[in-house]
Every structure is written in structure tokens, then in C-alpha cells.
Amino acid sequence: MSPTRRAALAALFAAPFAAAPALAQTTITIQHPLPIASHYGAGAIALKESFERATGGRYRVNIQRNDNEREVVESVQIGTVECYLGSTGPVGNFVPAVRVVDVPFLFRDYAHARGVLDSEIGQSLLQQFNARGLVGVIWMENGFRHLTNSRREVNTPGDVRGLKVRTMENQVHMRAFSTLGALPTPMAFSELVPALQQGTVDGQENPIPVIVSNNLNQVQRYLTLTGHVYSPGLLICNPAMMQRMSPADRTAFMEAARAGQQANRDKVTADENSGVEELRRRGMQVVTQVDTAAFQTALAAAFAQYERELDGALLRRIRDWR
Ligand code: PAF
């Protein structure tokens, strides 16, 4: 066969394949700090399914675990990871205005917290991320935090005195624990279990879904349902990544984020309903009757400081929200 004819035949067979352009796929990585079976996992999976379906395979959402929340927010800011799904724990160090929602006993219950965060108050807090090189996409949820420790049953604020308590890298929370006479020790969640095992800290505080999904009952004997602070979650993404999306894809992403928020909150609700019983079954000693007013009184000096250092008017608006 002549070289010319061979080339013509090769072109003929190659043509149908060459005519179908390869599908360009963009990957968005979402990092979160908990097991996939947790409330964050539920939110991330719902977002992934919704967004991948809506964009017909042009986007792939890659869900990864990273227990160091501060590190993830930094990665999103510099653009090596596209999105963060986690608590507000370290976020006030990047966007100081957010610290207001970390104040203890600010939210009465889940309906109050979800209502405020979905309202214009929560939306205007999300707007503040833009000036910090981040996009605050939507509020998610971690849950009301409770105190665990390996030393003693905590019934009163006085029982907290002298306990070494791991806190998040969060100044508002640290202030509360030092006001109660505890020794707050901030560290990333990735360091928590070894610190509890080695006795570097006696206790920690986290929502029931976190205590259950991370088997913290294996390293903590006592649980007191202090509900001392609501721990908001949120989805934060890299601005350049958001800008590269077409307007239609951005709308689909927002819709997927809302599906993620719903799945995340539903899982928190379900885990809250079954979690305490599960932790008792696993051997934890649980104090359910807590004198909330006594804890609030013991925190008076911290509250005065929050009023001065944070946005006092906004704190009152949130407290009075109905
Ligand atoms: O305690 C923390 O650091 C957070 O509550 C956690 C477990 C990482 C979830 O956001």
C-alpha cells in the first residue's frame, strides 16, 4: 500500500474518535475534619451528588478528611484546596467579625441558631469573608458543645476549676474556660486523642455527633451536657475557583451547598437524638441536669469582655432574635 493511501486510511479510522472532544473535567476538593459517616460527611456527600449531577460530569467533587481546620482554611486562602467544611473554631483568626457567633450561651437552641445564621445577620457575616481572600458560601452546623473529661463528674461550674481542657484555637472559647478557672489548651483536633491519652489535657468539649463519630468515649469517662456554646459550621471556598465558574455553574453550586446544608443539619439532629444513649451504652457517665444559670453567672466577667471587644449591638440583636 502506498504511503499516501496508508495515511488516508489512518485518517479515516481516526476521524470518528478525533471528532469527539475529550470532556474537560474540573475537580473541586472539599476538606473536612471528621469521618465520612459524620454530619460534615453527610453535607459534603449531598453537595457532591447535587453539583456533579447538575453539571453533567464537567465537575468532580473530591471529599477529603483533614483534622487540622486552621491548616485547611489557610490552604483555601492560598488556593491549594478549593473548599473547607468545618467549624468556626479557627475562622475568627482569619475573619474577626465571625467571633461574635462563638460566644457562649448566645443561642437558645437549634432553631434559634439556624434562624439567625440563615437570616440577614448570618448573610452579612458571610459577606465579610470577601475582604479576607475567602468566600463564605453557606452556614453549616457542628452543634452544641458539651464538656467531657477523665478526672471527675462535672456538676457545677466549680467542678471545672483546675481541669486542663483542650479547646479549639478560638480566643472566645479560651476566654470562657479561663474565666471558669480551667486551663484552656488550644490545639488542632488532629492532636486531641494523643493529648488525652498522654494526659497532656484532662478533657475536651465538642458536640455529641463529634464525640460519637470519633469514639471519644474510649479516652473520656465523664460527659456533662453543658451545651455551653453553639458551634456553627460553614463552607468556605477559594474566590478564584468561584470566579472561574460560569454564572449557571455558580447557581448550581449554591443549590448544591443548600442541599449539603440540609443533609448536614438533618444528620446533627439525628445524632443528637440517639447520641447520648449511645455514649451511655459505651460506658460514659453522663450528667444531664445542668444548672445553666450557674454557668452563665460564673461567666459574667467573660460576657462583659465580649460586649466590649466584639460587636455588642450585634450580640444583643442575636440574643433578642425571635
Ligand atoms: O473540636 C474541634 O476542633 C471541632 O469541633 C471539630 C471536631 C474539628 C469539628 O469541626
Side-chain angles (χ1 to χ4, degrees), residues 29-34 40 64-104 106-107 113 116-117 121-143 145 164-179 182-192 195 201 204-207 210 228-242 299 302-303 305-312 314-315 318:
T29 296
I30 299 182
Q31 289 193 345
H32 73 89
L34 294 174
Y40 290 158
Q64 288 176 352
R65 181 171 179 180
N66 182 338
D67 301 25
N68 188 325
E69 292 190 321
R70 181 174 41 76
E71 192 177 278
V72 182
V73 180
E74 278 164 7
S75 304
V76 171
Q77 206 170 38
I78 59 176
T80 49
V81 169
E82 283 76 27
C83 298
Y84 164 88
L85 198 175
S87 75
T88 49
V91 176
N93 301 324
F94 297 83
V95 186
V98 163
R99 291 193 178 124
V100 79
V101 291
D102 292 326
V103 166
L106 179 64
F107 295 106
V116 168
L117 295 175
I121 298 177
Q123 296 317 300
S124 68
L125 285 173
L126 291 180
Q127 290 298 318
Q128 317 250 2
F129 284 68
N130 301 342
R132 305 283 166 163
L134 294 164
V135 177
V137 178
I138 197 166
W139 291 101
M140 296 271 178
E141 184 160 82
N142 193 20
R145 301 179 83 88
K164 281 182 277 170
V165 179
R166 176 269 173 178
T167 66
M168 298 193 287
E169 296 170 273
N170 183 299
Q171 294 177 13
V172 176
H173 292 188
M174 287 167 67
R175 157 88 41 214
F177 279 94
S178 56
T179 304
L183 300 153
T185 310
M187 64 179 79
F189 190 63
S190 50
E191 297 166 35
L192 173 63
V201 291
Q204 65 88 48
E205 40 85 59
N206 250 305
V210 173
H228 53 275
V229 67
Y230 174 77
S231 182
L234 74 182
L235 179 73
I236 304 172
C237 294
N238 175 268
M241 181 283 282
M242 295 293 288
L299 284 171
F303 288 136
Q305 186 143 8
Y306 300 141
E307 289 284 332
R308 277 196 308 275
E309 290 177 2
L310 306 174
D311 183 341
L314 183 55
L315 279 173
I318 295 176

Quiz prompt | Candidate list Asn142, Val91, Val137, Leu117, test side-chain contact (heavy atoms from CB on, under 4.5 Å), partner Leu234, passing option | solution = Val91
Quiz prompt | Under 3.5 Å donor-acceptor, Glu69 side chain and Ser87 backbone | solution = yes
Quiz item: Between Asn170 and Gly89, what is the shortest heavy-atom contact and its length?
Solution: ND2-O, 3.1 Å
Practice problem: Rounded to the nearest 0.5 Å, what's the gap from CG on Asn66 to CG on Leu34? Could you check? | Solution: 11.0 Å
Quiz prompt | Test item: Thr167 side-chain N/O and Val165 main-chain N/O as donor-acceptor pair under 3.5 Å | solution = no
Quiz item: Mind checking whether Gln64 and Val81 have side chains closer than 4.5 Å, heavy atoms only?
Solution: no
Quiz item: Within the side chain of Arg99, is there an N or O that forms a donor-acceptor pair under 3.5 Å with the backbone of Gly92?
Solution: yes
Practice problem: Give the minimum heavy-atom separation between Val72 and Gln31, together with the two atoms involved. | Solution: CG2-OE1, 3.5 Å
Self-check item: Euclidean distance, Leu85 CG relative to Met140 CE, rounded to 0.5 Å
Solution: 5.0 Å
Quiz item: Would Asn68 and Ser190 count as having a side-chain donor-acceptor pair, cut-off 3.5 Å?
Solution: no
Quiz item: Hey, what do you get for CD (Gln77) to CG (Leu134), rounding to the nearest 0.5 Å?
Solution: 4.5 Å
Practice problem: Decide yes or no on side-chain contact (heavy atoms from CB on, under 4.5 Å) for Glu307 and Leu315, but give the supporting numbers first. | Solution: CA-CA 8 Å; Glu307 289 284 332; Leu315 279 173; 4.2 Å; yes
Self-check item: Derivation of the side-chain contact (heavy atoms from CB on, under 4.5 Å) call for Phe129 and Cys237
Solution: CA-CA 10 Å; Phe129 284 68; Cys237 294; over 6 Å; no
Practice problem: Kindly compute the distance separating CG (Leu126) from CD (Gln128), expressed to the nearest 0.5 Å. | Solution: 9.5 Å
Practice problem: State, to 0.1 Å, how close Tyr230 and Glu141 come at their nearest heavy-atom pair, and which atoms those are. | Solution: OH-OE2, 2.6 Å
Quiz prompt | Residue pair Phe189, Arg166: steps toward the side-chain contact (heavy atoms from CB on, under 4.5 Å) verdict | solution = CA-CA 9 Å; Phe189 190 63; Arg166 176 269 173 178; 4.0 Å; yes
Quiz item: Rounded to the nearest 0.5 Å, what separation is found between the CZ atom of Arg145 and the NE2 atom of His173?
Solution: 6.0 Å
Quiz prompt | Where Met168 and Ser231 come nearest, the two heavy atoms and their spacing | solution = CE-OG, 4.3 Å
Quiz item: So Met241 and Thr29, side-chain contact (heavy atoms from CB on, under 4.5 Å) or not? Walk me through it.
Solution: CA-CA 11 Å; Met241 181 283 282; Thr29 296; over 6 Å; no
Quiz item: Once you round to the nearest 0.5 Å, how far does CG of Leu299 lie from CZ of Phe177?
Solution: 8.5 Å
Self-check item: Contact summary for Pro232 and Asp102, nearest pair of heavy atoms
Solution: CD-OD1, 4.0 Å
Quiz item: Between Trp139 and Leu125, what is the shortest heavy-atom contact and its length?
Solution: CZ2-CB, 3.9 Å
